[in-house]
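In what follows, chains carry the letters A, B, and so on, assigned in the order in which the sequence lines appear, proteins first and then strands, with residues in each chain numbered from 1.
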Amino acid sequence: MKINKQDIIKKEDFLWEIPQTFRPQMLVPARVIASETLLDAIMEDRSLVQLVNVASLPGLIGASLVMPDVHEGYGFPIGGVAATLYPNGAISPGGIGYDINCGVRLLTSQQNAEEIKFKLEELSKEMYAQIPSGMGKGGQINLNPKEMDEVLTKGAEWAVDNGYADKEDLAYMESNGRLDNADPAMVSEMAKKRGSDQLGTIGSGNHFVEVDYVDEIYDPIAAEAYGLSKGQVVVLIHTGSRGLGHQVATDYIREIMAAMPNYGIKVPDRELACVPFNSQEGENYFKAMCAAANFAWCNREIISWEVRKAWKNVFGADVDPLKLMYDVAHNIAKIETHQVDGEKLKVLVHRKGATRAFGPGFEDLPKEYKHIGQPVIIPGSMGTSSYILAGANRSEKISFGSCCHGAGRKLSRTAAKKQVNAPVLKEKLKEIGIYVQAGSFKGIAEEAPIAYKDVDEVVETIQNSGIAKKVAKLRPMAVVKG
DNA sequence: ATGTGC
């Protein structure tokens, strides 16, 4: 299948549509949120073919959607949103991704960039020492089976109960860092074993811990509500459920592929394997996915503990504590209520490389954010800007309350490695005041800024589409990578 | 993304 420009209709500025009539198996139209230039870039890979494939999944409603940072992924595009009818529509592990509850959080300090500049190199080294990173790497905490089950059930709350964090953090996390449908019994022993020493570790690839400063404020009222001010030093943490979530995805993709024929489901790409949510396999996967999501929230909480420890070691025990601004998941499926064609429906929203972005009035928000909308955290690539946005009510109308999740990959990892001289890049970043601490030059090359789309353009497109609005821009000062 | 691959 090939998709050409003439197959795409401009619905409005920044919203494009491949109509349902494009392919007989489509149940709904496929939509793209993008500027014209980004749309051209999106057409370079298989993202739109995958988007059209998603539009044929059983129970899919409204439209299959992609964000301006989209690129191709396993079956589903990364940067995609798919809502299926609950409880008899499809659930598909490929629509969530291998790194279940990969996500981002932002910690805010009371210090400004000028004040900490002279300690930056020391800080980046101390953070690198405190935060285990890299492929297959374990950390300090070894969970016994009972503790593992508690983590899978309680999520970030486990970190609070065990002295790694204060209770206040929980209010500042999507779903309070805990999904109630989790069932540890649905997670394989292999997955538990792989995760047993991985709490508090970032892993590799695009995962990182980064010290940034607030470079620009676009919306002073929202910024004040979120506790952001110009020049302020903040910390971005990007990671997920590590080997545990990966194993859950592996286990259930296999099981669901085998079970699919029993439900008479045929999909255009085997990587879209799915079953009805209310089938045995579907329910088991959902319970395991929720457990893996809880593991990821606990992981980001323990990493925050490590960052806070490094902070005290460098700035002294009585430095003002780092506060959690917010924590968002961007690889997850959630049961939500949405208005579709004038009808209120319960749906399972698959967000794969997409962030929840409900607007003002949304219930699951701390009270000081409720009139602003949900914070959306958009990390850029290494050495470029990141953004804090606020979800807008328009997202509830056109994107099932979702927004983009990053800059979006432009080059494959292999292509990036060919083009980038990592030691030179590391030096160049240091010259412009960004300290990179990485376990491997391979990781630096794969994550080089040229491997990514222009985050400024992606965020501008989001703002113009109306699904979220810009609150602040962040600039990096120090990066810890795997 | 991932103890990097049927």
Contact class for [X] (heavy atom, under 4.0 Å): base, sugar-phosphate, or nothing?
X: A:Glu446; result: nothing
X: A:Arg409; result: nothing
X: A:Gly97; result: nothing

Checklist line | Inter-residue atom distance A:Thr355.OG1 - A:Ile462.CD1, 0.5 Å rounding | finding: 9.0 Å

What is the distance, to the nearest angstrom, from the [atom1] atom on [X] to the [atom2] atom on [N]?
X: A:Lys137; N: B:dT4; atom1: NZ; atom2: C1'; result: 17 Å
X: A:Ile78; N: B:dT2; atom1: CD1; atom2: P; result: 13 Å
X: A:Asn331; N: B:dT2; atom1: CG; atom2: P; result: 11 Å
X: A:Glu271; N: B:dC6; atom1: CD; atom2: C1'; result: 14 Å
X: A:Met135; N: B:dT4; atom1: CE; atom2: P; result: 6 Å
X: A:Lys417; N: B:dT4; atom1: NZ; atom2: C1'; result: 9 Å
X: A:Tyr252; N: B:dT2; atom1: OH; atom2: C1'; result: 19 Å
X: A:His207; N: B:dT4; atom1: NE2; atom2: P; result: 16 Å

Next item on the list: For the residue pair A:Glu281 and A:Tyr252, confirm or rule out a side-chain donor-acceptor distance under 3.5 Å.
Entry: no

Checklist line | Phosphate OP1/OP2 of B:dT2 contacted by A:Ser204 side-chain N/O (<4.0 Å) | finding: yes

Note to self: Suppose we screen for side chain to side chain contact (heavy atoms under 4.5 Å, CB included). Which residues come up paired with A:Ala333, at least two apart in sequence or across chains?
What the structure shows: A:Ile96, A:Met289, A:Leu348, A:His350

Next item on the list: Would you confirm whether the ring centroid of A:His405 sits within less than 6.0 angstrom of the ring centroid of A:His238?
Entry: no

Next item on the list: Taking the six-membered ring for Trp and the single ring otherwise, decide whether the centroids of A:Phe362 and A:Tyr369 are under 6.0 Å apart.
Entry: no

Next item on the list: Evaluate side chain to side chain contact (heavy atoms under 4.5 Å, CB included) for A:Ser35 paired with A:Glu457, printing each intermediate quantity in order.
Entry: CA-CA 9 Å; A:Ser35 62; A:Glu457 198 181 346; 3.9 Å; yes

For residues 432-446 of chain A, run the donor-acceptor check on the side chains, cut-off 3.5 Å, and write out each pair with its distance to 0.1 Å, sequence neighbours left out.
from	atom 1	to	atom 2	distance (Å)
A:Ser440	OG	A:Gly443	N	3.0
A:Glu446	OE1	A:Arg413	NH1	3.3
A:Glu446	OE2	A:Lys417	NZ	3.3

Checklist line | Neighbours of DNA chain B within residues 235-245 of chain A, by heavy-atom distance under 4.0 Å | finding: A:Arg242, A:Gly243

